Amino acid sequence: MSRIAYVNGQYVQHSEAGIHIEDRGYQFADGVYEVCEIARGNIMDMTRHLDRLNRSLSELRIAWPMDRKALIVVIKEVVRRNRVYNGLVYVQVTRGVARRDHVFPAAGTPSSIVVTAKRTDPKASAARAAKGIKVITVPENRWERVDIKSIGLLPNVLARQQAKEEGAQEAWFIDPDGTVKEGAATNAWIVTKDGTLVTRPAENGILRGITRTTIFDVAKKLGLKIEERGFSVDEAKKAKEVFMTAATTVIMPIVAIDGESVANGHPGETTLSLREAFFDVAERTPAC
Ligand code: PDD
């Protein structure tokens, strides 16, 4: 029997079901989900699951894709069409489809919704329960692995959105001890009074930005010294210059932190010279 999925208003063959490539769930993990057990033809604890879905959506300010009653109809219909007597029903809602940008898409962008159902074998589960199962332990690291350029970018999305709402263009993540980690989608730098470039070591806690790495070559060409060490927000506020790096912005001067003017409120000379020299130093592969 072929499986059926519900995708954005339509019941479609599971094997042909698809979501747009610029869906925010696909690009940013910008979405939420629920899984309900189906036992002997009953959807278990659906009210609580939908209450939690409501909470997750509201915490992330994602709009309901349809009203709750309509969603219940869809859930039941997916279970029915897949003839699932024992199994699971899966509901996923994302912030919808938009041209890739960390900040939320324009108001009114419809959320995406997918509902699927699958059968499970209650006998196999009972057999496992009769014997018990084994676990292993792993360090709690959900999600410390920001060194991996993963698409799990929901915290970055929320930080960028907050920056936008507070009249800024980037948000810096700060360690509990006040040390700057990096931006939501950029690496962070300061220039000290004596002209030394300072950036956090890439060994832990940040993404090793390609632009960041190329800045080492640019600095060498310009005869600038780089110190890889952590710096605090306080130090950044007192620094001669502050800037950020990423493929999207290359080298971008920063003139305010948390509403406080920094670097005299103007892009600094060193930052601008790095920006200018970057193109000649970075590898250039003709696109055609
Ligand atoms: N972001 N840190 C984070 C968290 C980033 O997402 C990025 C890049 C960087 C800078 O890396 P690079 O110099 O390789 O671009 C640092 C990309 C541009 C983005 O998500 O749009």
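Because the structure is predicted, anything quoted here is derived from the model rather than measured. We count ligands from 1, going down the list as the structure has it; atoms in each ligand are counted the same way.
Within 4.0 Å of ligand 1, the residues that place a heavy atom are Arg100, His102, Lys149, Asn156, Glu182, Gly183, Ala184, Ala185, Thr186, Asn187, Leu207, Gly209, Ile210, Thr211, Thr245, Ala246, Ala247, Thr248, listed by chain and number.
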Without placing hydrogens or testing angles, list every side-chain donor-acceptor pair under 3.5 Å for residues 156-165, not counting sequence neighbours.
from   : atom 1 : to     : atom 2 : distance (Å)
Asn156 : ND2    : Ala184 : O      : 2.8
Arg160 : NE     : Gln169 : O      : 3.3
Arg160 : NE     : Glu170 : OE1    : 2.8
Arg160 : NH2    : Glu170 : OE2    : 3.2
Gln161 : OE1    : Phe104 : N      : 2.8
Gln161 : NE2    : Glu165 : OE2    : 2.6
Gln162 : NE2    : Glu166 : OE2    : 3.1
Glu165 : OE1    : Arg61  : NH2    : 3.4
Glu165 : OE2    : Arg61  : NH1    : 3.1
Glu165 : OE2    : Arg61  : NH2    : 3.2

Would you mind writing out the side-chain donor-acceptor pairs for residues 262-272 within the sub-3.5 Å range, not counting sequence neighbours?
from   : atom 1 : to     : atom 2 : distance (Å)
Thr270 : OG1    : Glu241 : OE2    : 3.3
Thr271 : OG1    : Glu241 : OE1    : 2.6

Quick one: side chains of residues 281-288, donor-acceptor pairs under 3.5 Å with protein atoms, not counting sequence neighbours, listed by atom name and distance.
from   : atom 1 : to     : atom 2 : distance (Å)
Arg284 : NE     : Phe279 : O      : 3.2
Arg284 : NH2    : Asp280 : O      : 3.4

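For the pair Arg81 and Tyr11, the cation sits on the ring face: its NZ or CZ lies under 6.0 Å from the ring centre, inside 45° of the axis.
At a threshold of 4.0 Å, the pair Arg145-Asp147 counts as salt-bridged, since one of the basic side-chain nitrogens sits closer than that to a carboxylate oxygen.
Counted within 6.0 Å of CD on Glu227, heavy atoms from surrounding residues, nucleotides or ligands total more than 12; the atom is thus considered enclosed.
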